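In what follows, a structure is listed as structure tokens, so that the remarks can point back to it.
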There are 2 protein chains.
Amino acid sequence: MKLSPTMQKYIVHWGEMGTRWGVNRTVAQIHALLFLANNPMTADEIMETLNVARSNVSNSLKELQSWGLVKVQHELGDRRDHFVALQDVWEIFRVITEERKKRELDPTLTVLRECAIEAETDTEIEAATREKMDQVLEFLEVLLSGYDDFKKLPPSTVIKLLKMGSKLGQLASLFGKEDV
Amino acid sequence: MKLSPTMQKYIVHWGEMGTRWGVNRTVAQIHALLFLANNPMTADEIMETLNVARSNVSNSLKELQSWGLVKVQHELGDRRDHFVALQDVWEIFRVITEERKKRELDPTLTVLRECAIEAETDTEIEAATREKMDQVLEFLEVLLSGYDDFKKLPPSTVIKLLKMGSKLGQLASLFGKEDV
DNA sequence: ATTTAATTTCTGTAATAACAGAAACAAAGG
DNA sequence: CCTTTGTTTCTGTTATTACAGAAATTAAAT
């Protein structure tokens with residue numbers, strides 16, 4: 001596939017972004033490419049378009065599929081796999097945050113809970129330290145349960161809430177007087 | 001400083017987390033250590049506690065200071081720098097998201113805007129592709145402006161909003177009927 | 001069954017990032 | 001000013017990760 005200069009810039013930057021957030025550059029680039037592409041692409045096409053090794057494409061695609069961001073399609077009379085990416089931006093965001101939560105935040109929560117329990121019987125640990133551990137744990141729990149609520153809402157509602165912004169804050173402080 | 005088993009586990013895990021989100025392991029560990037510590041620590045103490053090279057400590061502390069997560073303190077009759085970390089969990093979260101936004105999201109937004117402009121005159125690019133680029137841009141803009149609003153609110157209000165969760169969603173859909 | 005096409009796994013190399021230790025630098029105290 | 005103490009910068013090494021290319025595997029078609 002021929003990349004226009006703009007697409008090239010876009011894809012390169014997206015790869016850069018990936019590395020800054022702990023995502024493999026090639027994986028991010030392929031994701032950007034498939035997102036921008038308007039037709040399914042074969043692994044070989046991706047390889048030629050991005051100039052990366054075939055194996056690299058294969059592994060990256062597997063990774064993207066495990067995230068649920070890319071799916072395989074087959075075309076009549078063609079044995080090759082054709083790959084398509086999720087096309088809806090909000091859906092992509094939802095999938096990434098959800099997967100990231102599952103892979104990183106949830107395990108962290110588990111460890112923090114273990115630590116909280118162990119801290120109770122750990123005689124060497126100071127009370128103030130224990131309290132701080134508890135605060136972090138509670139923070140994450142509030143944040144994640146809030147996230148769980150919001151992710152159920154349709155994007156249009158979330159957009160509304162975002163646009164209400166600080167007005168919502170005023171509302172909440174009002175209610176807050178007699179605690180929610 | 002002597003690390004209790006629990007603290008050790010905590011700090012090691014925090015370092016692990018860091019690497020998964022693009023943060024240097026030592027930086028993350030030192031941050032965890034200083035957060036848990038109830039007294040300011042010198043670079044040498046940190047070095048001995050975590051078993052890392054002095055230079056590594058120095059650079060990591062510089063990094064943490066540039067993030068605004070760690071500050072220097074001086075004690076009477078002691079020439080050495082003593083380091084303390086922000087102790088408030090919400091404040092830490094706020095600082096990290098804000099800094100991360102400034103360093104990664106804002107530059108990305110700039111690039112995406114450039115791409116959107118270039119895409120208009122890029123004859124090779126398909127209309128559908130251009131639209132998708134626009135959608136990503138708009139998504140990020142809504143998200144970030146929403147974030148800008150919420151970050152002004154006191155944590156207590158944000159907690160209330162988070163706990164209201166899906167109830168808030170129902171509210172927003174109601175308002176939505178005649179658009180906000 | 002055998003050939004051909006497609007994909008994955010494996011292995012070695014290259015690039016990157018993390019790090020230790022040494023050297024250089026800065027600053028305070030005598 | 002010169003010594004001591006503390007901090008930073010520099011240099012080389014190590015470890016990790018990313019990657020290319022080859023080999024192996026799988027599966028469809030003749």
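Computed from a predicted structure; not experimentally measured. Below, chains carry the letters A, B, ... as their sequence lines are ordered, and counting in each starts from 1. Values reported hereafter were calculated over all heavy atoms of this structure, with side chains retained and with hydrogens, waters and symmetry mates removed.
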Between B:D78 and B:H74, do the side chains contain an N or O donor and an N or O acceptor separated by less than 3.5 Å?
no
Using a cut-off of 4.0 Å on non-hydrogen atoms, how would the nucleic acid contact of A:T42 be classed: base, sugar-phosphate, or nothing?
nothing
How long is the line joining CG of B:N56 and P of D:dG12, in whole Å?
19 Å
Using a 3.5 Å distance criterion without hydrogens, assess whether the side chain of A:S4 forms a donor-acceptor pair with backbone atoms of B:E124.
no
Distance in angstrom units between B:D78 CG and D:dG6 P, rounded
7 Å
Assess the side chains of A:D81 and A:T42: does a donor N or O sit below 3.5 Å from an acceptor N or O?
no
Distance check needed: C:dA17 C1' versus B:N59 CG, whole Å only.
13 Å
Apply side-chain contact (heavy atoms from CB on, under 4.5 Å) to A:F35 and B:K132, showing your working.
CA-CA 8 Å; A:F35 170 71; B:K132 283 185 268 186; 3.7 Å; yes
Which whole-number value in Å describes the distance from A:D44 CG to C:dT8 C1'?
13 Å
What contact category does A:R80 fall into here, base, sugar-phosphate, or nothing, at under 4.0 angstrom with non-hydrogen atoms?
sugar-phosphate
Between C:dG21, D:dT8, D:dC19, which nucleotide has the shortest distance from any of its atoms to the side chain of B:S58?
D:dT8
Between B:I30 (CD1) and D:dT7 (P), how many Å, whole number?
13 Å
C:dA18 P sits how many Å from B:N24 CG, rounded?
5 Å
Expressed in angstrom and rounded to an integer, what is the separation of A:R79 atom CZ from C:dT3 atom P?
15 Å
Of the candidate nucleotides C:dT9, C:dA20, D:dC19, which contains the atom at the shortest distance from the side chain of A:K62?
C:dT9
Integer-rounded Å distance: C:dC25 P and B:D81 CG
20 Å
Could one point to a donor on the side chain of A:T26 or the base of D:dA18 with an acceptor on the other under 3.5 Å away?
no
Assign each of A:Q65 and A:T19 to its nearest nucleotide of DNA chain C by heavy atoms, then name whichever residue's nucleotide is nearer the 5' end.
A:Q65
Cut-off 3.5 Å, side chains only: do B:E98 and B:Y147 have a donor facing an acceptor?
yes
